[in-house]
Enquirer: 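This is the structure I have questions about; it appears just below.
Atoms within each ligand, like the ligands themselves, are counted from 1 in listed order. Residue numbers count from 1 along this sequence.
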Amino acid sequence: MRKSFNDGIVYTNEKCIGCNKCIASCPVGGACVALNDNGSERVEVASDKCLDCGACVLACNHKAREYKDDVTLFFDELSAGKKVSVMVSPAFYSAVGPEKAKQVLGYLKSLGVEHIYDVSFGAEICLWAHVKYLRENKENPERAFVGQTCPAVMNYLETVSPQLLKYVIPVQSPAVCTGIYAKKYLQDENSIAFISPCVAASDEAKAQTSLGSYQYNITFSKLMERLEDVDISNFGAEAEITGMGLGELVMDNGGFKEAVELFFSKQESIVCFDAMVNIDMPKQGNLVEDMRVRPLFAEFNNCVRGCLSGPGSIADIDYMEVFANSAIRRREIYSKLKDYLGEKSNFELLENYLGKLEAADFKREFNDRYQQVYQIPESAYEDIYNAMHKETEEKRKIDCGSCGHKTCREMVQAIAYGHNRMENCIHYMNDEMKHRFYMDALTGGYNKKGFLEHIDSFIKANRGKEFLMISASINQLNVINDLYGFAVGDKIIARGGRVCKRFLESKNGIFGRLGGGDFLVCVEFVEGYDKRIVADRYYDCTDIGVAFPVCYRAGVYRFTSNDECNFESIINYCIMARDAVEETTRNVFHFYDEQFKKRIDNEVIITSKMYEAIEDKEFVPYFQPQYNHKSGELIGAEVLCRWITRDGKMVSPGIFIPIFERNGFVCSLDKYMWEKAFECQERWLEEGMDPVPISVNISRISLRDDRFIEVITDIRNRYKVPEKYIHFEVTETAYSSNQVEMAKKVEILRSMNYRVSMDDFGSGYSSLNVLKDIPMDTIKLDLGFLRGENPNKGEQIIRHVVSMVKDLDYEIIAEGVETEQQADFLGDVGCNNIQGYYYARPMPQKDYEELLRKRVEARKANQK
Ligand code: C2E
Ligand code: CA
Ligand code: CA
């Protein structure tokens with residue numbers, strides 16, 4: 001069944017802000033449907049469910065509920081010459097005042113309305129038929145007892161509670177009675193319009209059960225709106241048929257009950273159930289069903305103050321005035337019932353007056369219009385409760401009504417049927433907000449804020465116990481995102497959450513995601529647990545299409561919970577331990593232990609001293625000469641950095657370079673060393689020392705730096721050193737990430753006419769690829785990597801590498817050559833360029849200068 005919104009008589013206009021008041025006022029579940037329409041909240045009317053009771057029109061504070069009536073059609077047909085009569089609700093006189101009411105009727109007559117009937121007459125027919133039925137059926141245990149005066153209530157019974165229809169007295173309503181009387185007894189063949197305060201009368205006009213008694217519903221407010229600019233003061237007309245007066249009282253809430261009472265003894269129970277908007281109709285229905293002793297008669301109305309206050313009435317009614325007038329009318333009317341003390345004689349009066357009518361003409365039948373809705377299974381309710389964070393009984397019974405429904409259960413039902421949205425529950429929104437504030441949707445763990453806020457109370461609740469804090473980070477998540485897209489990246493992160501949960505398996509702990517692929521886990525330590533997590537080495541993601549070995553690095557810190565725990569430090573220790581390990585192709589756990597602490601302390605000392613050291617020129621270049629083994633000639637030298645501290649101690653680059661690489665300082669140091677190399681070469685050239693080319697090292701961090709080329713260009717511009725005197729060395733690991741960009745930079749260096757060599761060739765796993773992809777001049781083969789237990793194999797490798805490198809037209813130099821034997825072997829296989837302890841160790845600048853000087857002198861001596 002397709003739901004059509006706003007297609008019926010009652011509809012929502014653009015002023016709706018989705019406040020739910022209409023839902024709260026609606027007697028039918030699902031007639032008001034809360035929607036989110038392109039981001040704006042609205043409540044629309046499900047036209048197939050709406051009873052047109054108009055309660056929402058009255059309830060809406062925003063003038064967002066409107067209704068349609070037949071005012072336009074009526075005037076159109078009137079001006080088209082159609083013959084029309086009018087029947088007017090007695091409430092009209094009260095609503096607009098008796099004078100104005102007459103003017104309106106006069107004006108309508110001037111437009112061509114033929115007859116005017118007062119519905120109070122029909123109300124008396126209705127009353128007479130009711131009383132007649134009740135008198136005749138008094139002893140019948142099956143007799144009906146619900147009055148039939150309100151079209152909204154009848155809509156309710158026919159569509160929502162048809163099981164109650166059998167209790168409704170089968171008589172037509174006052175309006176229908178009036179119409180039937182006009183047509184049948186007065187032979188009025190015109191279309192008839194009902195001037196009413198009622199929205200549901202539009203349904204009654206069209207209902208088959210109304211037997212075509214009237215055709216148009218014209219509400220007070222729309223009629224008066226229509227006449228706003230018309231001067232009607234000179235018009236005036238009275239209704240042709242009016243009742244004896246009782247019918248006027250029927251329009252008040254409880255008025256019909258009061259009228260019925262006139263015809264029965266005080267011993268009978270004749271009651272009025274309050275307005276439909278104020279009562280819970282479904283429960284009222286049960287009440288009717290369950291009633292042990294049924295009343296003789298019961299009146300049910302929709303509107304709070306009777307018809308006068310109907311949704312189609314006018315807004316500014318002075319009820320005090322109305323009350324005063326009706327008090328006066330009441331006296332007049334009752335005085336006509338000369339013998340109103342006796343039920344019997346009252347009925348006789350009515351009989352004398354209406355008894356000539358055929359009661360059967362005013363009999364009504366009812367339609368069962370109930371739409372069976374499919375039943376939502378209990379499990380769906382459970383799911384909705386849980387999705388709304390209503391896990392406890394308590395939270396399921398808040399029943400605050402802010403959503404428009406009386407109970408949480410009713411709201412959940414509305415959600416299940418698609419009539420409302422979770423977002424209309426303020427408790428859900430509060431919980432959800434907290435949830436989003438503290439939880440991570442991807443992994444189901446805490447987010448950063450949630451973790452940091454909960455860790456404290458968690459640890460404090462477990463005082464004296466030992467814990468492991470683990471900071472884990474998924475390696476190269478950005479590469480994965482880049483290669484496979486964010487959706488896959490998210491799956492990897494979700495899986496990271498699962499790994500965290502596995503850490504916690506059946507142990508006391510919490511976890512959270514700090515952002516990206518970074519997680520924190522705090523788990524109670526049990527003996528052997530540290531070993532167990534270390535054993536967890538796999539992180540298989542092939543099933544989601546990632547061929548890449550996905551793994552993480554984790555830093556772990558073990559501590560005992562006490563009041564002095566400082567989480568910032570503890571988390572920092574973990575992160576330090578984590579970041580101290582390289583990204584590899586398997587999961588790595590690195591404990592922050594004593595040894596690591598020492599290393600970190602050392603790193604802190606070195607880091608704290610480095611700026612001062614460069615200022616104080618504590619970094620000095622050493623030179624390691626390179627020779628041609630065949631000719632014995634000096635062919636170059638490598639510039640290697642030494643840190644000579646203030647107290648004369650020498651620190652090896654093996655210690656400080658990795659630290660500087662981590663903290664970025666290596667860029668400054670490289671720049672400093674390059675400048676030293678240019679400075680030396682310039683001076684030696686000026687002094688006629690006939691220097692040989694020297695190689696400087698480029699750290700991978702420097703190579704990655706954006707200003708790399710700029711820095712080298714700047715140095716080159718400041719020193720008069722021909723390009724051939726400076727070589728650059730880069731290590732192949734430099735290419736493992738972002739090869740293309742690195743290749744570009746090497747290409748620029750070469751286009752500046754510098755020679756570039758591949759340092760430490762043979763150390764990594766991508767050597768051969770590098771030969772293919774990166775433009776190079778020289779390959780620097782490191783013997784250190786081939787030194788090992790299997791010297792024969794090493795030799796074989798060297799032989800082949802040398803021949804391959806030469807085939808590819810690269811220069812080749814071997815470093816780390818320590819013995820004559822090695823040097824001879826290299827010479828034999830075609831690699832004559834040699835650097836290593838065998839010829840010379842790295843030496844201070846003055847020693848190297850001495851070497852250059854001696855070389856020049858020797859050459860001079862030779863020339864002599
Ligand atoms: P590297 O660039 O591979 O430098 C060669 C290393 O091998 C030097 O170690 C050198 O002293 C050592 N070596 C030379 N001949 C032999 C030999 O026959 N046997 C053995 N066992 N070793 C030999 P050093 O000077 O300790 O430097 C270590 C590393 O520090 C260098 O490796 C380089 O990666 C880095 N480094 C040194 N100075 C600088 C610099 O100014 N900038 C940058 N970025 N890195 C530098
Ligand atoms: Ca080097
Ligand atoms: Ca090297």
Enquirer: Show me which atoms of ligand 1 lie under 4.0 Å from any heavy atom of V817.
Expert: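 Counting from 1, the qualifying ligand atoms are 18 (O).
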
Enquirer: With a 4.0 Å heavy-atom cut-off (strictly under), which part of D759 contacts ligand 1: side chain, backbone, both or neither?
Expert: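 Side chain only.
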
Enquirer: For ligand 1, is there an N or O atom under 3.5 Å from any N or O atom of D670?
Expert: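 There is such a contact, yes.
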
Enquirer: Restricting to under 3.0 Å, identify the protein N, O or S atoms around the Ca ion (ligand 2) as residue plus atom.
Expert: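 As for protein N, O or S atoms lying under 3.0 Å from the Ca ion (ligand 2), they are E638 OE2, N697 OD1, E729 OE1, D759 OD2.
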
Enquirer: Any Lys/Arg nitrogen of D705 or K671 sitting under 4.0 Å from an Asp/Glu carboxylate oxygen of the other?
Expert: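 K671 and D705: not salt-bridged.
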
Enquirer: Identify whether the distance between the nearest side-chain nitrogen and carboxylate oxygen of R683 and E687 falls below 4.0 Å.
Expert: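 Yes, R683 and E687 are salt-bridged.
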
Enquirer: Does ligand 1 have any atom that is closer than 4.0 Å to a heavy atom of E638?
Expert: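 It does; at least one heavy atom falls under 4.0 Å.
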
Enquirer: Before accepting this row, confirm whether a basic side-chain N of the pair D579/R553 lies closer than 4.0 Å to the acidic partner's carboxylate O.
Expert: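 Yes, D579 and R553 are salt-bridged.
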
Enquirer: Are any of the N/O atoms in E818 less than 3.5 Å from those in ligand 1?
Expert: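 Looking only at distances, the answer is yes, because the N/O contact criterion of under 3.5 Å is met.
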
Enquirer: Output yes when R799 and E795 qualify as a salt bridge under the 4.0 Å nitrogen-oxygen rule, no when they do not.
Expert: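 Answer for the salt bridge query: no.
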
Enquirer: I'd like to know whether the aromatic ring centres of Y611 and F665 sit less than 6.0 Å apart in this structure.
Expert: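 Yes, ring centres under 6.0 Å apart.
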
Enquirer: What part of R841 sits under 4.0 Å from ligand 1 if we count only heavy atoms: the side chain, the backbone, both or neither?
Expert: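 No part of R841 comes within reach of ligand 1.
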
Enquirer: Determine, for K609 against E612, whether the closest basic-nitrogen to carboxylate-oxygen distance falls under 4.0 angstrom.
Expert: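 Result for this pair is no, no salt bridge flagged.
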
Enquirer: Under 3.5 Å, which donor-acceptor pairs do the side chains of residues 836-846 form with other protein atoms, sequence neighbours left out?
Expert:
residue	atom	partner	partner atom	Å
Y839	OH	H629	ND1	2.7
Q845	NE2	E849	OE2	3.0

Enquirer: Would you say Q835 and ligand 1 have an N/O pair spaced under 3.5 Å apart?
Expert: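 Checking ligand 1 against Q835, no N or O pair falls under 3.5 Å apart.
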
Enquirer: Short list, please: which atoms of ligand 1 are under 4.0 Å from a heavy atom of G816?
Expert: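 This gives 16 (C), 17 (C), 18 (O) as the contact atoms.
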
Enquirer: Not counting sequence neighbours, list each pair that qualifies as a ring-ring contact (aromatic ring centres under 6.0 Å, His included) and has a residue in residues 840-864.
Expert: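 Applying ring-ring contact (aromatic ring centres under 6.0 Å, His included) to every pair that reaches into residues 840-864, excluding sequence neighbours, yields F623-Y848, W684-Y848.
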
Enquirer: At the 4.0 Å heavy-atom cut-off, does K780 count as touching ligand 1?
Expert: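 No; K780 lies far enough from ligand 1 that no heavy-atom distance drops under 4.0 Å.
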
Enquirer: Check for me whether the distance between the ring centres of Y446 and F519 falls short of 6.0 Å.
Expert: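 Ring-ring flag for Y446/F519: false, centres at least 6.0 Å apart.
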
Enquirer: If a pair satisfies salt bridge (charged side-chain N to carboxylate O under 4.0 Å, His left out) and one of its residues is in residues 715-728, list it, with sequence neighbours excluded.
Expert: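 Found E675-R718, D714-R718, R716-E723.
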
Enquirer: Which atoms of ligand 1 are found less than 4.0 Å from any heavy atom of Q624?
Expert: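 Going through ligand 1 atom by atom, the ones under 4.0 Å from Q624 are 14 (C), 15 (N).
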
Enquirer: What atoms in ligand 1 come closer than 4.0 Å to a heavy atom of S699?
Expert: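 Going through ligand 1 atom by atom, the ones under 4.0 Å from S699 are 44 (N).
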
Enquirer: Would you say Y838 has any N or O atom under 3.5 Å from an N or O of ligand 1, going by distance alone?
Expert: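 No - when backbone and side-chain N and O of Y838 are compared with those of ligand 1, no distance drops under 3.5 Å.
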
Enquirer: With a 6.0 Å cut-off on ring centres, are F619 and F656 close enough?
Expert: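 Yes, ring centres under 6.0 Å apart.
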
Enquirer: Heavy-atom count around R707 CZ within 6.0 Å, excluding the residue itself: above 12?
Expert: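 Atom CZ in R707 is not packed in, count stays at 12 or less.
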
Enquirer: Counting only heavy atoms not in K501 (residues, nucleotides, ligands), do more than 12 fall under 6.0 Å from its NZ?
Expert: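 Yes.
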
Enquirer: Got a salt bridge between R853 and E850, using NZ or NE/NH1/NH2 to carboxylate O under 4.0 Å?
Expert: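 Yes, this pair counts.
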
Enquirer: With a heavy-atom distance limit of 4.0 Å, tell me whether L640 approaches ligand 1 through its side chain, its backbone, both, or neither.
Expert: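 Both of them.
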
Enquirer: Heavy atoms only, cut-off 4.0 Å: how does P842 contact ligand 1, side chain, backbone, both, or neither?
Expert: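 P842 to ligand 1: side-chain contact only, backbone stays beyond 4.0 Å.
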
Enquirer: Which part of D760 is near ligand 1, with near meaning a heavy atom under 4.0 Å away: side chain, backbone, both or neither?
Expert: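 Within the 4.0 Å criterion, D760 contacts ligand 1 through side-chain atoms alone.
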
Enquirer: Assess whether atom CD of E686 is packed by more than 12 heavy atoms of other residues, nucleotides or ligands within 6.0 Å.
Expert: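 Yes - once you tally the heavy atoms of other residues, nucleotides and ligands closer than 6.0 Å, there are more than 12.
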
Enquirer: In terms of atom number and element, which parts of ligand 1 are under 4.0 angstrom from non-hydrogen atoms of P653?
Expert: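 Taking each heavy atom of P653 in turn, ligand 1 has 24 (P), 25 (O), 26 (O), 27 (O), 28 (C), 30 (O), 37 (C) under 4.0 Å.
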
Enquirer: Does an N or O from C641, backbone or side chain, lie closer than 3.5 Å to an N or O of ligand 1?
Expert: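 The answer is yes, given that C641 and ligand 1 share an N or O pair closer than 3.5 Å.
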
Enquirer: Can you sort out which atoms of ligand 1 are near G836, meaning under 4.0 Å from one of its heavy atoms?
Expert: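 Matching atoms, with element in brackets: 15 (N), 18 (O).
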
